[in-house]
Colleague: 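Just passing along the structure, written as structure tokens.
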Amino acid sequence: MKFTDFNLKETIQAAVTEAGFTEPSPVQKDAIPLVLEGHDLIAQAQTGTGKTAAFGLPIMSMMKADGSVEGLVIVPTRELAMQVSDELFRFGKLSGLKTATVYGGTAYGKQIDRIKQASIVVATPGRLQDLLMSGKIKIKPNFVVLDEADEMLDMGFLDEIKNIFTFLPKERQTLMFSATMPNAIRKLAEQILKTPKTVSITKSEKTNTKITQLYYVVQERERDDALVRLIDYKNPEKCIIFCRMKKEVDRLVAHMTAQGFKVSGLHGDMEQKQREVTIRAFKQGGIDIFIATDVAARGLDVNDVTHVFNYHIPFDSESYVHRIGRTGRGGKTGEAITLVSPNELRTIKRIEKDVGAKLITQVIPTRIEVQNNRSDELIAKIAETKVTEKAIELVKTLQHDLDIVTIAHLLASMIQNENSVKGKDNIGLGLEEIDLLIERAMQNRGGGGGGRNRRRGGGGGYRGNRAGGGGGGRNRNGRNGRSSGGRDSRNGGGGRRD
Ligand code: ADP
Ligand code: MG
């Protein structure tokens, strides 16, 4: 299926082509025809699946560009308002459809001027309610979209939303998008939608299959070391580290900076200007690592995030889904990595059940393993490097006093010192320990009885699950002809597979 099959307005189709979209995503395939037919819609799809285009393209295709506000999109946060607005602007610019972005914390004047010229208003609930109640704006949009509805309710915007709808025309097409469908969302839908059609991307597709989900078991005090080791090992192009609290964000920013990483924090208390500057730096690559709270990172759409780290496992499955959805966007692959302490293993099992996916447990690589990895990369890099005139001069000078082999040894040592991996040799728990802990956690939950049988059954299940992770580790060692040395737990884990 192609975008051209939808019969969108010519100028909209041209913008889609220009954006480089060829194949519609699953939610786009299902939603766009229904919206074009004029139905109200309730759509459930995971973050990063192209919901903006799923509602934006069809409604813009039906707009007249007559100078009035024809569409209203309500989103939970300022960042999201800006992102959605940018994306809609891109689709609408060839059709003469302007967008206005409306959010709190800035002056009213400019926003009101922009609204007067816009065909589409993208707004956060608080400021929009202000503008409507004070009579500063009067709009009669025939298309109304609630984007990331579950997050808006989580953030406590239910009353604002209900109130906003009292100012909107009764004759309208209403679309609701949400990553999850808790009861509160269904109830709201009953109140604001008219005989809606439903689109739901099925459970197995709920967590994006392009995201590999891993977890590592560490002791509480090992979290910082584990994080640094994993970043050293994975070498992410761009990553987001999620924390539960703002305090933790600040502490980790200091810690990671001291370790020489290019990091920046993002949390709710930052000033708008500062947030924008930070997000731009992250997008453009000046910052490689973002350390954020859930709220601050809501809806954040940064392409090319290769890894998401959960410094702590989030309390609920929905946050987990939202967090890991920051990677694997626009059809790319991504990795989601969660650090858990032994008593959080049950939370992992619950999340697996809720999201309908298996999380793979792995052992944190040893210092030696990471070091060896780097040496391999270094060898490859040396082989690829072009010889410069200056280098030839330098070696000539050195040759006055030293023989060529000594020079090579000295230069290699210099590079290797810069490249050395710091930290403890071993961090975190081995596979056998993790296995036992999982068994124990599940037994406790089941409430005793038939211990031995349960154990056999449970063990089998996890063994299958773990094989992928353990196997990966062993292959790595095997290929490089190195053993991890003294990691009984891993050897035990691997051996059991045979
Ligand atoms: P969601 O709202 O579901 O989280 P977005 O609408 O923000 O997802 O889309 C995520 C990213 O994927 C954006 O960068 C968007 O431009 C891109 N995208 C959306 N649809 C397509 C498509 N059909 N082909 C290629 N890229 C797409
Ligand atoms: Mg979105």
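Remember, it's 1-based here, ligands and their atoms both numbered in the order they're listed. Computed from heavy atoms alone, side chains included, the values below leave out hydrogens, waters and symmetry copies. We count residues from 1, following the sequence as given.
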Colleague: Given 3.5 Å as the limit, does a donor-acceptor pair link the side chain of R172 with the main chain of P141, or not?
Modeller: no

Colleague: Taking K381 first and then E384, would you say they form a salt bridge - that is, a charged N and a carboxylate O separated by under 4.0 Å?
Modeller: no

Colleague: Who are the residue neighbours of ligand 1 when the rule is a heavy atom under 4.0 Å from any of its atoms?
Modeller: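 Contacts of ligand 1 under 4.0 Å: F3, F21, E23, P24, S25, Q28, Q46, T47, G48, T49, G50, K51, T52, E87, R90, D301, N303, R329, G330.
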
Colleague: Are side-chain heavy atoms of L36 and L8 found at a separation under 4.5 Å?
Modeller: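 Yes, close enough: below the 4.5 Å cut-off.
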
Colleague: Check for a donor-acceptor pair, side chain of R350 on one end and backbone N or O of R346 on the other, with a separation under 3.5 Å.
Modeller: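 No, R350 side chain to R346 backbone: no donor-acceptor pair under 3.5 Å.
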
Colleague: Indicate yes or no: does K29 engage E23 in a salt bridge with an N to O separation below 4.0 Å.
Modeller: yes

Colleague: Between K187 and E190, is there a salt bridge with N-O shorter than 4.0 Å?
Modeller: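 Between K187 and E190 there is no salt bridge, as every charged N stays at least 4.0 Å from the carboxylate O atoms.
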
